[in-house]
Amino acid sequence: MNFFDLVSDYVKRVPLGRVSTYGQIAALAGSPRSARAVGWALHRLPTEKLRYVPWHRVVNREGRVSTTCLEHTGFDQVRLLKKEGIRVKYIDGNYFVDLRKYLWEP
DNA sequence: CTTATGACTTTCA
DNA sequence: CTGAAAGCCATAA
């Protein structure tokens with residue numbers, strides 16, 4: 001199984017109403033220091049996989065939505081997070097999630 | 001094989 | 001506390 005599919009599989013396991021971090025997914029995938037690769041995988045995620053891969057529930061270590069697409073798609077995905085009951089804070093053009101409460105712990 | 005890139009993380013000044 | 005730099009992993013060219 002590729003790292004790509006592995007990451008996708010773990011992201012799919014994130015329960016609704018919870019969020020995860022790139023480092024966490026990377027650790028689950030077998031490489032705790034491949035957070036950047038995880039980010040790459042999610043960025044390069046095919047449209048068909050977006051249907052069942054809740055990538056919007058994956059944020060960085062600070063709980064910030066690091067998507068470079070914050071100005072367009074990021075807004076829609078954050079909207080989904082709010083729809084799932086996750087309280088998203090909008091600070092200085094960036095979206096933040098309270099990891100202390102919403103972080104997924106497998 | 002070498003170089004470059006990225007939705008990251010940690011460390012140091 | 002803030003900001004900059006280096007480190008690390010996987011993939012593309």
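Here is how names work: the chains are called A, B, and so on, in the same order as the sequence lines, proteins then strands, and each is numbered from 1.
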- Query: Which hydrophobic side chains are connected to L16(A), either touching it within the sub-4.5 Å cutoff or through other members that do?
  - Reply: none
Would you kindly give the [atom1]-to-[atom2] distance between [X] and [N], to the nearest whole Å?
| X | N | atom1 | atom2 | value |
| --- | --- | --- | --- | --- |
| Y22(A) | dT9(B) | OH | C1' | 13 Å |
| I25(A) | dT9(B) | CD1 | P | 11 Å |
| Y10(A) | dA7(B) | OH | P | 24 Å |
| Q24(A) | dT10(B) | CD | P | 12 Å |
| E62(A) | dT10(B) | CD | C1' | 11 Å |
| N94(A) | dA7(B) | CG | P | 14 Å |
| R64(A) | dT10(B) | CZ | C1' | 15 Å |

- salt bridge (Lys or Arg N to Asp or Glu O under 4.0 Å) filter on K89(A), not counting sequence neighbours, yields none
- Message: Just to verify, what does E84(A) make a salt bridge (Lys or Arg N to Asp or Glu O under 4.0 Å) with, not counting sequence neighbours?
- Response: R57(A)
- So which pairs with a foot in residues 28-49 of chain A pass salt bridge (charged side-chain N to carboxylate O under 4.0 Å, His left out), sequence neighbours left out? D5(A)-K49(A)
- Charged N to carboxylate O below 4.0 Å: is that the case for K101(A) and D98(A)? no
- Query: What pairs with A26(A) under side chain to side chain contact (heavy atoms under 4.5 Å, CB included), at least two apart in sequence or on another chain?
  - Reply: S34(A), V38(A)
- Message: Within the 4.0 Å limit for protein heavy atoms, which parts of nucleotides 7-12 of chain C are touched? Write it as a string from 5' to 3', B for base, S for sugar-phosphate only, - for none.
- Response: BBBSS-
